[in-house]
Amino acid sequence: MPCLRNIYIVLFLTITSFTLAQSLYFEQFTTKDGLLSDEVYNLHQDKQGYLWLFTNYGAMKYNGKTFEPVLKNLSLKESFIYSFFENKKGDKWAANSNAKIFRIINDSAFVVEGTESISEKLKHKIAEIKQLYIDDSLNIYACTKMYSYKFIKSKNYFQVRLNTDPFKDSVMHLAIEVDKNRILSVFNDSEKNLRTFFSTKLRHKIKFISGMDQFLYKFSLGDEFECKPGIFKRFGDKIYFNACSKLYCIDKNILKEKMEINSTILFFTKDKKDHLWVGSYNGGLDEFDEKDSLVNHYFEKKTINCVLFDSQNGLWVSTEGSGLFHCKRVDEMHFSENHELGKSISLLKIINNKLFIGNSGGDIFIQKDSTRVKFIDRDSKFEGPHDILEKDNFYIITSRSGIRKMDKTNKLMSRIIPEKFPDFFY
């Protein structure tokens with residue numbers, strides 16, 4: 001597996017909670033670094049570890065050092081890839097802005113026979129394929145903002161329309177869980193005027209299908225008709241979906257409004273710490289903790305198209321117009337020079353699940369769980385702590401200015417003469 005980047009350690013600790021409220025450091029890639037365009041949309045890391053990125057001028061692969069164009073057999077008009085899928089075996093498919101479906105072989109794209117007529121219809125309806133899924137039987141699912149189809153595999157593919165008639169039961173949206181990692185979003189559009197039939201005063205109905213089970217949910221359309229569901233994702237036992245600037249959660253078969261941000265949500269995902277990352281149109285990237293509290297905001301006023309956590313614990317963010325951003329490790333921290341931990345770090349030690357951090361100015365901090373407190377205030381006579389030892393009622397601290405003993409109760413500090421140091425242990 002190719003290494004995406006060499007690890008650049010600003011400050012790396014195994015206690016992941018220490019990253020709370022600290023900013024990640026991102027490196028930016030643009031056309032100056034080899035990108036075909038600064039408009040980067042979908043991201044995918046394949047089974048071999050390569051990063052795939054898709055721009056309005058074509059697809060590229062990143063091997064940890066360079067960006068190389070792929071799918072070069074496509075013309076410029078066909079090179080805008082809208083959706084991408086890789087199965088467990090590593091076989092790959094893609095759909096472009098003209099709704100054509102391709103099988104990817106040796107980094108080249110070939111149209112799947114049997115899908116051409118539907119692709120032509122979707123192209124004229126300006127209905128790009130926003131979700132592409134291929135099951136274990138090689139049946140292809142293609143979902144757009146209007147029509148959605150299942151291409152059933154036989155000698156050639158033949159299509160079945162997934163949309164139902166919304167005027168029969170007023171269900172405007174289907175969510176089909178095809179496996180535990182993917183939920184297809186099917187909008188029940190029609191040639192008829194839905195704006196007349198479904199007014200903004202009505203509540204939006206979603207039929208969720210998971211195996212043999214079916215559930216019906218309702219939620220407010222809001223002020224705009226276009227506030228219909230977008231992406232559906234499962235995280236553990238909970239299912240999330242977005243609609244305009246709102247994020248909803250289905251938990252124990254109950255639909256709840258999770259949160260609302262200040263811009264239209266384009267993408268969301270969760271990391272290993274159960275933090276929720278939400279990218280939006282001209283609204284940047286928000287990070288929420290497991291309690292839905294905002295802990296960080298990145299890329300102010302930028303449009304965030306996709307967020308990817310790679311196998312090296314790195315974070316990739318694609319934007320519209322600003323290229324690609326990469327944080328090499330999400331468990332490392334970056335502090336500015338003005339921050340008290342932005343100074344030279346002279347002490348890092350874990351004692352009884354507590355992390356002691358000392359800087360060149362003489363400060364020592366204790367980090368436990370998600371809380372960091374100042375343990376020893378800066379003292380001009382106490383420079384660059386090197387080590388710390390904990391006993392029942394006191395600490396022994398070594399530094400460039402000598403050895404000191406600090407009482408745990410009153411924090412009074414006294415200097416230790418080296419030749420009498422053993423006496424303090426009895």
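These numbers come from the heavy atoms of this one structure, side chains and all, not from hydrogens, waters or symmetry mates. Residues take their numbers from the sequence shown, with the count starting at 1.
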Quiz item: Rounded to the nearest 0.5 Å, what separation is found between the CE atom of M60 and the OG1 atom of T66?
Solution: 8.5 Å
Quiz item: Got a sec: does the CG of D179 have more than 12 other heavy atoms crowding it under 6.0 Å?
Solution: yes
Exercise. Might you work through the side-chain contact (heavy atoms from CB on, under 4.5 Å) test for L324 and L43, ending with a clear yes or no?
Key: CA-CA 10 Å; L324 187 66; L43 300 171; 3.8 Å; yes
Exercise. State which residue, out of K258, K270, K256, fulfils the salt bridge (charged side-chain N to carboxylate O under 4.0 Å, His left out) condition with D292.
Key: K258
Practice problem: Output yes when a side-chain donor or acceptor of S346 lies under 3.5 Å from a complementary backbone atom of P385, and no otherwise. | Solution: yes
Quiz item: Can you find a heavy atom in the side chain of L315 that is under 4.5 Å from one in the side chain of F26?
Solution: yes
Quiz item: So, do F325 and F299 have ring centers that fall under 6.0 Å from each other?
Solution: yes
Practice problem: Can you see which heavy atom on Y57 is nearest to which on L36, and at what distance? | Solution: CD1-O, 3.5 Å
Quiz prompt | Rounded distance (nearest 0.5 Å) linking atom CG of D38 with atom OG of S322 | solution = 7.5 Å
Quiz prompt | All ring-ring contact (aromatic ring centres under 6.0 Å, His included) counterparts of F268, not counting sequence neighbours | solution = none
Quiz prompt | For the student: nearest non-hydrogen atoms of L24 and V330, plus distance | solution = CD2-O, 3.7 Å
Practice problem: Please lay out, stage by stage, how N96 and E78 fare under the test side-chain hydrogen bond (donor to acceptor under 3.5 Å, both in side chains). | Solution: CA-CA 6 Å; N96 68 2; E78 305 291 352; 2.6 Å; yes
Quiz item: Can the ring centres of Y240 and Y248 be said to be less than 6.0 Å apart?
Solution: no
Quiz item: To the nearest 0.5 Å, how far apart are CZ in F232 and CD1 in I239?
Solution: 8.5 Å
Self-check item: Nearest atoms (heavy-atom pairs only) where L174 meets L162
Solution: CD1-O, 3.9 Å
Quiz item: Closest heavy-atom contact between N242 and I265?
Solution: ND2-O, 3.2 Å
Self-check item: Spacing of L412 atom CG and K405 atom NZ [to the nearest 0.5 Å]
Solution: 11.0 Å
Practice problem: Please examine the side chains of K328 and E27, heavy atoms only from C-beta on, and report whether any two atoms are closer than 4.5 Å. | Solution: yes
Exercise. State, yes or no, whether a side-chain contact exists between V112 and K100 at a heavy-atom distance under 4.5 Å.
Key: no
Exercise. Determine yes or no for a side-chain-to-main-chain donor-acceptor pair under 3.5 angstrom, with S318 supplying the side chain and C306 the backbone.
Key: yes
Quiz prompt | Listed partners of F84 passing ring-ring contact (aromatic ring centres under 6.0 Å, His included), at least two apart | solution = H44, W52, F54
Quiz item: Going through the checks in order, is the salt bridge (charged side-chain N to carboxylate O under 4.0 Å, His left out) test met by D91 and R103?
Solution: CA-CA 8 Å; D91 300 323; R103 176 74 183 271; 3.6 Å; yes
Quiz prompt | Cation-pi check, K130 onto Y82 ring (under 6.0 Å, within 45° of axis) | solution = no
Quiz item: Checking side-chain hydrogen bond (donor to acceptor under 3.5 Å, both in side chains) for the pair N282/T303: CA distance, chi angles, key distance, verdict?
Solution: CA-CA 4 Å; N282 288 340; T303 294; 3.0 Å; yes
Quiz prompt | Cationic N near anionic O, under 4.0 Å, E390 to K354 | solution = yes
Exercise. Establish, yes or no, whether a centroid distance under 6.0 Å links the rings of F309 and W277.
Key: yes
Quiz item: Going by atom types alone, do S83 and Q131 pair a side-chain donor with an acceptor below 3.5 Å?
Solution: no
Self-check item: Heavy-atom side-chain contact between W316 and L51 under 4.5 Å
Solution: yes
Quiz item: Should we count CG of L216 as having more than 12 external heavy atoms under 6.0 Å?
Solution: yes
Quiz item: Can you list the steps and then say if N56 with S37 is a side-chain hydrogen bond (donor to acceptor under 3.5 Å, both in side chains)?
Solution: CA-CA 7 Å; N56 56 330; S37 171; 2.6 Å; yes
Practice problem: Report yes if some heavy atom in the side chain of D286 is under 4.5 Å from a heavy atom in the side chain of I261; otherwise report no. | Solution: yes
Quiz item: How many angstroms lie between OG1 in T319 and CG in N305, if you round to the nearest 0.5 Å?
Solution: 7.0 Å
Report, one line per pair, each donor and acceptor closer than 3.5 Å where one atom sits in a side chain of residues 136-143; sequence neighbours left out.
{"residue": "N139", "atom": "OD1", "partner": "K153", "partner atom": "N", "Å": "2.8"}
{"residue": "N139", "atom": "ND2", "partner": "D135", "partner atom": "OD2", "Å": "3.1"}
{"residue": "Y141", "atom": "OH", "partner": "K150", "partner atom": "NZ", "Å": "3.2"}

Quiz item: Please walk me through it: do I396 and I388 pass side-chain contact (heavy atoms from CB on, under 4.5 Å)?
Solution: CA-CA 6 Å; I396 300 293; I388 185 167; over 6 Å; no
Quiz item: Is the backbone N or O of K47 less than 3.5 Å from a side-chain atom of E86, with the two atoms forming a donor-acceptor pair by type?
Solution: yes
Exercise. Side-chain contact test, heavy atoms from C-beta onward, threshold under 4.5 Å: evaluate it for D46 versus K92 and give yes or no.
Key: yes
Quiz item: Using 4.0 Å as the upper bound for N to carboxylate O, is an ion pair formed by E257 and K246?
Solution: yes
Quiz item: Among W93, F85, Y149, which one satisfies ring-ring contact (aromatic ring centres under 6.0 Å, His included) with Y133?
Solution: F85
Quiz item: Considering all heavy atoms of both residues, which atom of P229 and which atom of I206 are nearest to each other, and what is their separation?
Solution: CG-CD1, 3.7 Å
Quiz item: CD1/I126 to CG/N98 distance, rounded to the nearest 0.5 angstrom?
Solution: 11.0 Å
Quiz item: Under 6.0 Å between ring centres, would you say that holds for F67 and Y62?
Solution: yes
Practice problem: Quick one: closest heavy-atom pair of I304 and G279, and the distance? | Solution: CB-CA, 3.7 Å
Quiz prompt | Candidates V160, L122, I129, N163 - the one meeting side-chain contact (heavy atoms from CB on, under 4.5 Å) with S148 | solution = N163
Exercise. May I ask you to decide whether E128 forms a salt bridge with K145, counting only side-chain N to carboxylate O separations under 4.0 Å?
Key: no
Quiz prompt | S185 vs H173 side-chain heavy atoms within contact, under 4.5 Å | solution = yes
Exercise. Could you check if a side-chain atom of S108 sits within less than 4.5 angstrom of a side-chain atom of L71, using non-hydrogen atoms only?
Key: no
Exercise. Please answer whether the main-chain N or O of S311 pairs with a side-chain N or O of Q45 as donor and acceptor at a distance below 3.5 Å.
Key: yes
Practice problem: Before giving the answer on salt bridge (charged side-chain N to carboxylate O under 4.0 Å, His left out), spell out for K273 and E290 the whole-Å C-alpha distance, their side-chain angles and the decisive distance to 0.1 Å. | Solution: CA-CA 8 Å; K273 297 180 295 183; E290 64 279 4; over 6 Å; no
Quiz item: Judged by atom type as modelled, is there a donor-acceptor pair below 3.5 Å linking the side chain of S293 to the main-chain atoms of D289?
Solution: no
Exercise. Go through S245 and E260 one step at a time and tell me if the side-chain hydrogen bond (donor to acceptor under 3.5 Å, both in side chains) criterion holds.
Key: CA-CA 6 Å; S245 61; E260 182 172 11; 3.2 Å; yes
Practice problem: Starting from the C-alpha separation in whole Å, work towards a yes-or-no answer on side-chain contact (heavy atoms from CB on, under 4.5 Å) for H275 and F288. | Solution: CA-CA 5 Å; H275 283 205; F288 299 89; over 6 Å; no
